[in-house]
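Structure first, then comments.
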Amino acid sequence: MSAKSSFVVALDVGGTSMKGGLVTESGAVLLSERRPTPRTEGPDAVVAAIRDFISHLAASGEGVPAGVGLAVPGLVSADMAVYAANLGWRDVPATDFTSLDVPVMLGHDVRTGGLAESVMGAGRGVQDFLFLPIGTGIAGAMIVAGEPYGGASGWGGEIGHIPVFPDGEQCACGQFGCLETYASAASVGRRYSLRAGLENVRAEQVVSSDDPVAIEIWDEAVEALSLALATYTLLMDPTMIVLGGGLAEAGPALFDPVRTRLVKRLAFRSAPPLIPAALGVDAGMLGASLLGWRAAGRPELGPGWALDVRSEPLVS
Ligand SMILES: [Zn+2]
């Protein structure tokens, strides 16, 4: 193989930081770095920072990258970053993100992470599953027939805004009783802080506390999650549900009660297993590398692709 096509540049663009790297076609990460996202400086500054970061990464590799892949938030198609509320951009063509003369492909951040879990992570070998990172917010990647599914307009997978409590609290999105309002890491911390009269308590502290108020807040989060996951299970019949993000670090304190309640809630069918995500904070960047390889004309680097650098599937 020539050095010319031995790696792609992959970038996961988040609201506060960007994770970038050089990744080979077998999924090996040759280099990874993190830079802040200058979102307070406006959308043009963010695009310029991305372009600079990609050039810097590319120059660190031997030869020219085969392609560039980017995971970005908001509404996105393969060749256009259509809209991102937190970064302020509208209709930015994929080619604006790099000054390199190589093919570029964009993907939605969570769906790109789901693609990585599907190809080289917890969902390897599984055709239908839900990837649900629970962090500051909650959004899902619906993996349907081996590919992330974005729906008719690209808004598919917004599970965090499924109304779980019809008369519930108002969500930042404007609706009432959304899953995210009760079960995101930020919401668990915020709701407990408010009810206990404290400031800035983190979700991990709530989960591990035996304060009755903390137990109640956590119980509501678990209830909200089990309702949303029952809905997803009944609608999509997934092989499994992969939980990731910061809150999944709670381990059995999250998985056990959600599993128990999901099983109890479903009467005529079995509950899918709940599995921890395998790729952690690297999922977005690794997924972006797959987009980079697809842009470079290697569409076969997808589900079922025989990787030799990762472990066997957790569920098959
Ligand atoms: Zn909402």
Side-chain angles (χ1 to χ4, degrees), residues 2-25 27-116 136 139 148 150 154 279 281-299 301:
S2 73
K4 186 176 163 55
S5 60
S6 62
F7 65 91
V8 292
V9 178
L11 205 64
D12 180 16
V13 180
T16 53
S17 73
M18 310 186 277
K19 182 156 197 186
L22 303 181
V23 185
T24 70
E25 63 186 310
V29 179
L30 302 175
L31 166 82
S32 81
E33 289 182 22
R34 196 177 274 282
R35 283 189 179 183
T37 307
R39 67 169 167 172
T40 54
E41 294 166 34
D44 293 342
V46 174
V47 174
I50 291 170
R51 206 183 299 136
D52 186 59
F53 196 9
I54 289 172
S55 295
H56 163 75
L57 290 165
S60 309
E62 282 182 35
V64 179
V68 172
L70 292 105
V72 299
L75 264 182
V76 55
S77 68
D79 54 8
M80 183 81 75
V82 179
Y83 170 69
N86 60 343
L87 299 179
W89 62 40
R90 278 184 188 277
D91 298 328
V92 184
T95 46
D96 278 17
F97 289 110
T98 177
S99 46
L100 303 176
D101 186 22
V102 297
V104 192
M105 191 179 287
L106 305 178
H108 175 270
D109 50 4
V110 178
R111 286 197 286 279
T112 302
L115 174 66
T136 309
L279 304 176
V281 295
D282 290 336
M285 188 193 71
L286 290 168
S289 79
L290 295 169
L291 301 180
W293 283 112
R294 288 178 177 189
R298 302 291 301 279
L301 302 187

Not counting sequence neighbours, which residues clear salt bridge (charged side-chain N to carboxylate O under 4.0 Å, His left out) with D282? List them please. K19

Could you please spell out the steps behind the side chain to side chain contact (heavy atoms under 4.5 Å, CB included) verdict for V9 and L22? CA-CA 5 Å; V9 178; L22 303 181; 3.7 Å; yes

Only distances under 3.5 Å count here; give the side-chain donor-acceptor pairs of residues 65-81 to other protein atoms, sequence neighbours excluded, each with its distance to 0.1 Å.
from	atom 1	to	atom 2	distance (Å)
S77	OG	D79	OD1	3.1
S77	OG	M80	N	3.3

Just verifying a value: how many Å separate H56 NE2 and E33 CD, rounded to the nearest 0.5 Å? 3.5 Å

So which atom in L57 and which in L11 form the shortest heavy-atom distance, rounded to 0.1 Å? CD1-CD1, 4.1 Å

Distance-only, no hydrogens or angles: does the S32 side chain make a donor-acceptor pair with backbone N or O of G21 under 3.5 Å? no

Point-to-point distance, once rounded to the nearest 0.5 Å, from CG of L290 to CE of M105: 10.5 Å

Does any part of the side chain of R298, heavy atoms only, come nearer than 4.5 Å to the side chain of V8, both counted from C-beta? no

With a 3.5 Å cut-off and sequence neighbours excluded, list the donor-acceptor pairs that the side chains of residues 90-103 form with protein atoms.
from	atom 1	to	atom 2	distance (Å)
T98	OG1	L100	N	2.9
S99	OG	S55	OG	3.4

With heavy-atom distances below 4.5 Å as the criterion, would you say the side chains of L286 and V29 are in contact? yes

Apply side chain to side chain contact (heavy atoms under 4.5 Å, CB included) to residues D109 and V13 and explain how you reach the verdict. CA-CA 8 Å; D109 50 4; V13 180; over 6 Å; no

Does any non-hydrogen side-chain atom of T37 lie less than 4.5 Å from one of V46? yes

Taking every non-hydrogen atom, the tightest pair across M285 and A10: O-CB, 3.3 Å

Heavy-atom closest contact (A45 atom, P38 atom, distance): O-CG, 3.8 Å

